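These notes are about the structure you will find just below.
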Amino acid sequence: MSERDAPRRPHPVPGGFPLPLHGAGNPLSRGRGTSPGSFALAADVGGPLAYSSPDTPGMPGPSDKTAWDFMPDGWAMADGRWRPPARFEPVTQLDYARLGIVTPEMKRVAEREGHLAPERVRDEVAAGRMIIPANRRHLRGKLDPAGIGRAGHTKVNANIGASPEGSGTACELEKLAWAQRWGADAVMDLSTGADLDLTREAVIAASTLPVGTVPIYSMIAGRRIEELTERMILDEIEHQAAQGVDFFTIHAGVRREHVPLAAQRLIGIVSRGGSLLAKWMLVRGRENPMYALFDEICAIVRRYDVAFSLGDGLRPGALADATDEAQLAELGTLGELTERAWRHGCQVMVEGPGHVPFDQIELNIKLERRLCHGAPFYVLGPVVTDVFPGYDHITSCIGATAAAYHGAAMLCYVTPKEHVGLPRLDDVKQGCVAYKIAAHAADVALGIPGARDWDDELTAARAALDWEKHFALAFDPEGARALRDEHLGLGADYCSMCGRDWCAVRISNEVGATAAGQRDPR
């Protein structure tokens with residue numbers, strides 16, 4: 001048993017209340033510190049909970065199904081294993097995982113995670129609880145595969161993209177480089193302006209991160225939504241898959257019957273894809289073509305191993321509309337689509353809200369876990385209050401921390417420009433930093449092995465008043481260094497907030513040395 005996992009005797013709590021230790025491994029690194037341990041559940045990697053928060057009473061439990069319960073036609077169980085039909089050729093990471101094969105991409109994911117063996121990554125992919133968005137075309141380029149699933153570290157996605165109001169390919173490539181510099185794990189090109197095709201191609205060629213898109217944006221470029229045909233939809237999806245896009249947001253869960261439910265909202269449908277398809281259905285008087293064509297779309301994305309990011313076209317855009325009938329009706333359909341995609345051998349994650357009051361976040365996350373059978377949940381925020389335009393990277397990363405702690409696998413960043421303008425370079429940085437904070441905080445709280453090593457190393461440097469190491473370990477060394485008063489210099493064993501005589505850390509070190517008999521108390 002490692003020192004980290006060794007049981008610790010809980011220290012007494014005033015009033016006799018027991019500490020809520022639920023069995024999670026103690027996150028102390030190499031025996032440092034005095035904390036009693038994580039209050040999360042014991043790790044269940046290989047099961048439906050992986051790393052999980054305890055359920056508040058009334059929360060739905062996890063599904064008892066996985067991707068193994070939704071096998072493609074022709075597969076048969078023999079000798080305790082699923083066997084594919086004759087002449088079956090694996091294409092997707094899910095295909096290989098179902099066959100028991102560890103791919104180079106799975107090995108790379110395990111290497112990057114640190115706490116997962118390649119075989120565990122394979123098994124999580126086979127269960128549908130983890131995806132590796134890695135288009136076969138993009139793998140020939142610069143892509144460094146990443147795993148998205150609750151058994152791994154929380155991932156962060158950065159949105160970039162030109163709009164009709166400004167920017168262009170060169171500017172978006174700068175944003176991509178900035179997102180990579182500031183720790184994004186994936187990037188979405190949401191361009192609706194400039195040369196969409198050129199920008200997408202350039203981003204894929206330059207990106208080491210998985211690249212996602214929302215294909216409907218290109219489908220309607222230069223035309224009205226009601227002119228969109230089924231052939232246009234399939235052709236554009238094929239085209240973008242051939243370019244190397246790693247995951248697609250497809251708003252197939254917005255059904256015709258759901259649209260009237262959103263009409264009662266304070267702000268209606270705030271998803272671009274959701275609103276466009278709602279208009280198409282109203283004008284045409286027909287079902288959502290993304291839903292109607294879903295099997296054909298699955299056939300296309302499987303050929304290139306593009307992962308689905310099943311879009312939340314009815315996500316709430318205000319606290320007043322959160323967890324409403326429209327949102328939950330769509331979520332039920334996303335569960336159905338998850339099952340259908342797995343039957344085609346396609347990888348799936350599910351997108352989630354949006355604007356959600358803090359008290360409703362856990363239910364939203366755990367309801368998806370139940371209805372979508374543990375498929376990775378990818379959430380925007382959630383934004384927990386509506387009255388701070390210009391600061392929504394903060395209002396949303398508060399919700400994002402809770403979402404990741406309760407089970408979300410990837411967080412879509414929000415920048416200070418959310419709701420008010422097109423993000424620029426510094427907005428990308430601010431969004432990434434805020435969401436790296438949220439992701440890391442959740443990983444530490446969940447007790448993911450090694451998640452707190454970084455924190456403990458920096459704390460040791462702070463305790464030693466080693467400013468050089470303190471800054472070197474900071475997420476943004478230059479930024480932290482710039483905030484320190486220059487006149488003090490690195491040699492000073494205090495900061496300008498307290499001054500030398502009031503520095504608690506320096507005084508504490510003297511107290512410790514005195515108690516150990518290493519220093520004269522005078």
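Predicted, not measured: the structure shown is a model, and the values here were computed from it.
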Residues D95, R303; criterion salt bridge (charged side-chain N to carboxylate O under 4.0 Å, His left out); working and verdict: CA-CA 11 Å; D95 288 340; R303 286 200 292 273; over 6 Å; no
Residue pair T415 / R424, side-chain donor-acceptor N/O under 3.5 Å: no
Pairwise salt bridge (charged side-chain N to carboxylate O under 4.0 Å, His left out) hits with a residue in residues 218-229, at least two apart: R224-E226, R224-E227
Can you list every pair that meets salt bridge (charged side-chain N to carboxylate O under 4.0 Å, His left out) and has a residue in residues 368-385, with sequence neighbours left out? D55-R369
Sorted by first residue and then second, give each side-chain hydrogen bond (donor to acceptor under 3.5 Å, both in side chains) pair with at least one member in residues 259-268; sequence neighbours left out. R265-D324
With sequence neighbours excluded, what pairs up with [X] under the side chain to side chain donor-acceptor pair (under 3.5 Å) test?
X: N135; value: none
X: R272; value: Y217
X: E325; value: none
X: T208; value: Q180

Below 4.0 angstrom, N of the basic side chain to O of the carboxylate: do [X] and [Y] qualify?
X: R108; Y: E113; answer: no
X: K175; Y: E172; answer: yes
X: E478; Y: R481; answer: no
X: R129; Y: E124; answer: yes
X: R112; Y: D144; answer: yes
X: E330; Y: R255; answer: no
X: R200; Y: D246; answer: no
X: E339; Y: R343; answer: no

F70-H373 aromatic ring centre distance below 6.0 Å: yes
Results of ring-ring contact (aromatic ring centres under 6.0 Å, His included) for [X] - residues two or more places apart only:
X: H344; result: none
X: F308; result: F294
X: Y291; result: none
X: Y51; result: H115

Would you compute the distance between atom CG of L411 and atom CD1 of I437 and round it to the nearest 0.5 angstrom? 12.5 Å
Heavy-atom closest contact (K279 atom, I225 atom, distance): CD-CG2, 3.6 Å
Show me the donor-acceptor pairs within less than 3.5 Å that the side chains of residues 376-386 make with the rest of the protein, sequence neighbours left out.
residue : atom : partner : partner atom : Å
Y378    : OH   : N157    : ND2          : 2.9
D386    : OD1  : H355    : ND1          : 2.8
D386    : OD2  : L319    : N            : 3.0

